[in-house]
Amino acid sequence: MLSRRDLLRGATTLLMTPASIRQVRAEPPSGMFELRASQTGHRVGDPSNAPSRLWLYNAQSPGPEIRVKKGQRVRVRFVNDLDEPSSIHWHGIRIANAMDGVPGLTQEPVQPGEHFDYDFVAPDAGTYWYHAHNHSWAQVGRGLYGPLIVEESDYLSGIGELTLVLDDWRLDSAGSLLTDFDGYMREKQFGRIGDTVTVNSLPIGSTARLPAGRFHRIRLINAANARIFRLRLRNIDARIVALDGQNLDRPQISEILVLAPAQRVDLMVRLRSGEAGLIEDADGAFTTDSRNENRATLIGFFGEDRNVPGISGRPRLQANPIAEPALQGAQHIPLVMEGGSLSGIGLAMYNGSLLDTMELAAARQVWKFNGIANLPTEPLFRTERGSSVVIDMHNRTGFEHAMHVHGHHFKVVSSDGTRGPWRDTTYMPAQSSQSIAFCADNPGKWLFHCHMLEHAAGGMRTWFEIV
Ligand code: C2O
Ligand code: CU
């Protein structure tokens with residue numbers, strides 16, 4: 001068992017406080033907030049690691065935390081100081097289509113030296129994030145992402161806040177990022193799993209000292225290319241209050257948290273004075289210390305006596321108004337997911353021609369949706385605004401996936417009609433089926449893809465149109 005002393009010892013290594021990630025408020029009318037992407041020398045994880053050549057927004061890893069209030073306008077000038085085109089996607093925001101940041105579908109990619117002004121309204125309070133959406137497996141993999149927090153309009157000021165962005169990196173023996181992002185076909189299948197897990201780009205195992213007796217909203221964001229985080233809460237009085245940005249009607253208690261790539265989990269946590277708890281690696285996937293029988297600690301928490309006023313009752317968060325899909329008479333769209341090394345891709349359409357496995361491999365395509373590798377010329381479906389859509393997904397691969405719909409939140413529905421919570425990204429086990437339902441109320445051309453970014457590049461992308 002883990003003693004308080006173990007936790008306290010951990011606490012001396014590094015104190016992570018909410019201040020360890022800089023918060024920037026993009027608040028009109030002060031004008032436009034600037035996000036500048038550039039190559040930046042930055043040490044990932046342990047401070048003794050050799051600097052990595054990351055690509056970052058405003059030279060920070062993660063990028064600056066943008067905070068706005070629900071319903072506010074967000075204005076961001078994206079300046080591209082990279083050597084290759086890029087764009088920014090505002091993940092999970094039910095956004096105007098032209099601002100969704102998908103090159104080839106909603107905008108031209110922003111060329112080196114150029115800029116693009118994003119201007120949109122953030123309709124829902126919650127935990128979101130932004131990330132590069134061109135050459136994503138390499139651009140996000142090198143660090144082009146940051147948190148976007150939309151605060152409740154009646155923000156409960158007695159609540160503390162802590163945003164934790166999780167990632168993993170593949171480092172060389174000196175601790176510098178390996179930049180072989182275009183190296184291997186293997187990665188298009190398995191995804192790039194790093195050997196070093198970080199929280200806000202800092203080493204795991206640090207401790208956040210939180211004022212005792214006060215509720216804290218801890219916002220977890222999985223920014224990793226392909227890693228699914230399976231975490232366990234130990235000795236923490238925590239409720240899950242939101243998933244993928246959407247507040248839950250009823251907070252949940254769960255010891256295990258699963259965050260597939262791009263997913264978010266918000267916890268409401270309160271510690272008593274002197275109390276210690278932690279979030280650990282649940283399945284030993286990133287245990288780094290072979291002498292240590294304990295699972296790796298992602299982050300520890302320690303309740304500290306500090307005179308910070310807080311609210312006494314459990315805070316109640318309002319659900320965002322999202323239209324419920326009507327299941328009766330909804331349009332059903334089948335999506336058959338195939339490919340990967342266990343079953344193979346076989347024949348597939350790619351860029352309008354039918355290719356065999358060898359030709360697809362040459363084009364670095366290993367996955368297909370309904371027989372098509374990567375973006376089809378015609379959408380998966382076209383529907384009228386306001387209609388209800390059910391996508392019946394059949395994962396016929398031997399791999400797990402994390403399916404993400406742009407511009408909408410959906411619910412996983414089971415055959416008896418039971419609906420899950422709102423999500424924008426859903427975890428699918430290997431060889432499984434899942435149906436997701438949503439009201440197609442946001443006009444435009446929307447991407448629908450696996451958020452394991454190598455899978456997306458390797459063929460797992462399609463799109464739909466709402467007219
Ligand atoms: Cu975060 Cu197209 O996705
Ligand atoms: Cu996938």
Side-chain angles (χ1 to χ4, degrees), residues 62-63 86-95 97 99-107 109 126-141 144-148 165-167 186-193 221-228 244-245 259-264 335-343 345 365-369 373-375 380 393-410 423-432 434 444-464:
S86 192
S87 68
I88 302 182
H89 170 57
W90 311 91
H91 185 115
I93 301 285
R94 298 187 297 136
I95 203 169
N97 190 246
M99 296 292 130
D100 199 41
V102 180
L105 203 62
T106 68
Q107 70 169 97
T127 303
Y128 303 93
W129 63 302
Y130 58 90
H131 62 80
H133 213 296
N134 194 44
H135 203 185
S136 310
W137 69 97
Q139 294 194 357
V140 175
L144 284 171
Y145 57 78
L148 169 58
V165 185
L166 315 184
D167 199 357
R186 202 185 134 73
E187 277 188 8
K188 293 281 179 290
Q189 313 205 22
F190 296 99
R192 187 180 176 94
I193 304 288
I221 302 172
N222 182 0
N225 279 24
R227 179 185 290 273
I228 300 167
D244 290 357
L259 283 96
Q263 290 188 321
R264 287 89 66 211
L335 187 86
V336 178
M337 307 156 61
E338 292 173 301
S341 63
L342 302 183
S343 45
I345 186 170
Q365 299 300 299
V366 291
W367 307 97
K368 60 182 177 183
F369 286 162
N374 232 305
L375 285 194
L380 176 68
M393 304 186 293
H394 305 285
N395 177 10
R396 304 223 171 111
T397 78
F399 292 79
E400 306 169 290
H401 301 288
M403 296 297 291
H404 170 48
V405 176
H406 279 224
H408 298 77
H409 275 72
F410 56 78
R423 302 232 61 147
D424 61 44
T425 306
T426 185
Y427 164 72
M428 284 190 86
Q431 302 287 355
S432 69
Q434 212 176 80
K445 296 178 175 177
W446 302 104
L447 212 58
F448 174 37
H449 64 96
C450 180
H451 218 287
M452 294 179 165
L453 299 175
E454 293 77 14
H455 291 185
M460 293 200 133
R461 300 201 306 158
T462 188
W463 62 287
F464 60 93

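If you're wondering where the values come from, they're calculated on a predicted model, not measured in any experiment. Order of listing sets the numbers, starting from 1, for every ligand and every atom in it.
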Polar protein atoms near the Cu ion (ligand 2) [N, O or S; cut-off under 2.8 Å]: His401 ND1, Cys450 SG, His455 ND1
Can you tell which of His406, His451, His91, His404 makes a ring pair (Phe, Tyr, Trp, His ring centres under 6.0 Å) with His133? His406
What protein N, O or S atoms come within a distance below 2.8 Å of atom 1 (Cu) of ligand 1, ordered by chain and number? His91 ND1, His131 NE2, His451 NE2
Are the side chains of Met460 and Phe399 in touch, meaning some heavy atoms are under 4.5 Å apart? no
Measuring from atom CG of Leu259 to atom CZ of Arg227, what distance do you get when rounded to the nearest 0.5 angstrom? 12.5 Å
Do you know which of Arg192, Glu454, His455 makes side chain to side chain donor-acceptor pair (under 3.5 Å) with Asn225? Glu454
Is a donor from one side chain sitting under 3.5 angstrom from an acceptor on the other, for Gln107 and Ser87? no
Is it the case that the side chains of Asp424 and His408 hold a donor-acceptor pair, with the cut-off being a distance below 3.5 Å and no angle test? no
Can you tell me how far apart NE2 (His449) and NE2 (His401) are? Round to the nearest 0.5 Å. 14.0 Å
Checking the side chain of Lys368 only, and the main-chain atoms of Ile345 only, is there a donor and an acceptor separated by less than 3.5 Å? yes
Rounded to the nearest 0.5 Å, what separates atom CG in Asp100 from atom CG in Leu447? 8.0 Å
With respect to atom 2 (Cu) of ligand 1, what is the nearest N, O or S atom of His406? NE2
What is the ring orientation for Tyr128 with His409, classed by angle as parallel under 30°, tilted 30 to 60°, or perpendicular over 60°? perpendicular
